[in-house]
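Let me begin by presenting the structure, written as structure tokens, before commenting on it.
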Amino acid sequence: MVSAGTISIEKATELVGEEVGVSKWRIVSQEMIDQFAAATDDHQFIHTDPERAARETPYGGTIAHGFLSLSLLSTMVFEAVPLLEGTSMGVNFGFERIRFLAPVRCGARIRARFVLAALNVRPSGIVEVNYDVSVEIENSLKPALTAQWLTLAMPDRSRDG
């Protein structure tokens, strides 16, 4: 496993197929779930009503939105995966095969694992970086989700000329 920081594109290429980062554990709180519900206008009771969710679902309380767990990848990648030298920023290019496999109960701790699946430098200097990701739930046999995450690392143009 590589620690976060920076890494050359050449070294990263050698790591294709290997785990390159694991994020810190983070708690998914009811406040976080409620803020996500407000931002997305998804107020389904399984997310926002702890008493009703405890009474009417098999989860014993509220659960996080699957898309909340997915969106946390943006912060988890920055704390876990080294930045590519010579690039200034990363952007989402999309996802393949997203699967939500287990609910994230309110109060659960989650973390992400990143396996470098592919890396390709385009003639423009943009680097396509694809990760196989999983979001683990502490003390759960199943991950919250798995996906193939497609990203683009943009060349640092401020150093040109």
Side-chain angles (χ1 to χ4, degrees), residues 1-7 9 11-44 46-48 53 57-59 61-84 87-122 124 126-155:
M1 183 171 76
V2 175
S3 62
T6 61
I7 188 173
I9 293 171
K11 177 64 177 165
T13 301
E14 296 171 10
L15 296 174
V16 170
E18 294 186 31
E19 185 172 272
V20 293
V22 179
S23 73
K24 299 173 188 171
W25 288 107
R26 68 181 56 245
I27 295 174
V28 179
S29 67
Q30 188 62 53
E31 179 182 12
M32 184 185 294
I33 294 168
D34 290 343
Q35 289 174 345
F36 191 84
T40 60
D41 204 20
D42 180 352
H43 300 279
Q44 187 178 22
I46 64 173
H47 306 303
T48 60
T57 73
Y59 309 120
T62 56
I63 60 172
H65 305 72
F67 287 130
L68 170 56
S69 299
L70 185 69
S71 69
L72 288 171
L73 288 173
S74 292
T75 192
M76 291 188 279
V77 74
F78 284 112
E79 67 187 30
V81 176
L83 299 172
L84 293 175
T87 64
S88 61
M89 67 177 160
V91 295
N92 287 317
F93 193 51
F95 286 90
E96 302 283 351
R97 294 193 273 271
I98 299 170
R99 297 292 180 265
F100 298 105
L101 302 172
V104 176
R105 290 178 171 86
C106 178
R109 291 186 350 144
I110 63 171
R111 70 178 176 187
R113 292 188 170 275
F114 300 87
V115 172
L116 182 59
L119 187 142
N120 177 49
V121 181
R122 294 179 179 177
S124 64
I126 294 172
V127 184
E128 296 175 23
V129 185
N130 300 340
Y131 299 102
D132 290 332
V133 298
S134 61
V135 174
E136 300 177 323
I137 306 166
E138 189 174 42
N139 300 318
S140 174
L141 295 176
K142 284 184 164 181
L145 67 90
T146 61
Q148 292 178 342
W149 190 12
L150 316 174
T151 67
L152 300 175
M154 308 306 281

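Computed from a predicted model, the values in this text were never measured in an experiment.
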The reported gap from CZ in F93 to CD in E128 (rounded to nearest 0.5 angstrom) is 6.0 Å

- Message: For a 4.5 angstrom cut-off between non-hydrogen side-chain atoms, does L73 reach F95?
- Response: yes

- Query: Any side-chain heavy-atom pair from V16 and E14 closer than 4.5 angstrom?
  - Reply: no

The residue among Q44, H47, Q30, R105 that forms side chain to side chain donor-acceptor pair (under 3.5 Å) with T62 is Q30

Between the CG atom in L119 and the CD1 atom in I9, the distance rounded to the nearest 0.5 Å is 7.0 Å

Exercise. Does the side-chain contact (heavy atoms from CB on, under 4.5 Å) test come out yes or no for I63 and V104, once each step is laid out?
Worked result: CA-CA 5 Å; I63 60 172; V104 176; 5.9 Å; no

*asked:* Show, in sequence, the C-alpha distance, side-chain angles and deciding distance for D132 and T146, and conclude whether the side-chain contact (heavy atoms from CB on, under 4.5 Å) test is met.
replied: CA-CA 7 Å; D132 290 332; T146 61; over 6 Å; no

Margin query: Taking the side chain as everything from C-beta on, heavy atoms only, tell me whether V135 gets closer than 4.5 Å to L72.
Written below: no

One should read off an interatomic distance between L83 CG and S88 OG, to the nearest 0.5 angstrom, of 10.0 Å

Heavy atoms of P82 and V20 approach each other most closely as CD-O, 3.8 Å

- Query: Taking S23 for the side chain and E79 for the main chain, is one N or O donor matched with an acceptor at less than 3.5 Å?
  - Reply: no

Minimal heavy-atom distance between E138 and W25, with the atoms involved, is N-CZ3, 3.4 Å

Checking V127, I126, T13, L84 against V121 for side chain to side chain contact (heavy atoms under 4.5 Å, CB included), the one that qualifies is V127

Could you check if a side-chain atom of L15 sits within less than 4.5 angstrom of a side-chain atom of I7, using non-hydrogen atoms only?
yes

When rounded to the nearest 0.5 Å, the distance separating CG of N130 from CD of E96 is 8.5 Å

Taking every heavy atom of L101 against every heavy atom of P143, the minimum-distance pair comes out as CB-O, 3.3 Å

Could you tell me whether a side-chain N or O of H65 sits under 3.5 Å from a main-chain N or O of F36, the two making a donor and an acceptor? no

Mark yes when over 12 heavy atoms from residues, nucleotides or ligands other than E31 sit less than 6.0 Å from its CD; otherwise mark no.
no

Step by step, would you call M32 with I27 a side-chain contact (heavy atoms from CB on, under 4.5 Å)?
CA-CA 9 Å; M32 184 185 294; I27 295 174; over 6 Å; no

One should read off an interatomic distance between L116 CG and Y131 OH, to the nearest 0.5 angstrom, of 6.0 Å

Rounded to the nearest 0.5 angstrom, the CD1-OH distance for I46 and Y59 is 6.0 Å

With E136 as partner, the option from R26, R109, R113, K142 fulfilling salt bridge (charged side-chain N to carboxylate O under 4.0 Å, His left out) is R113

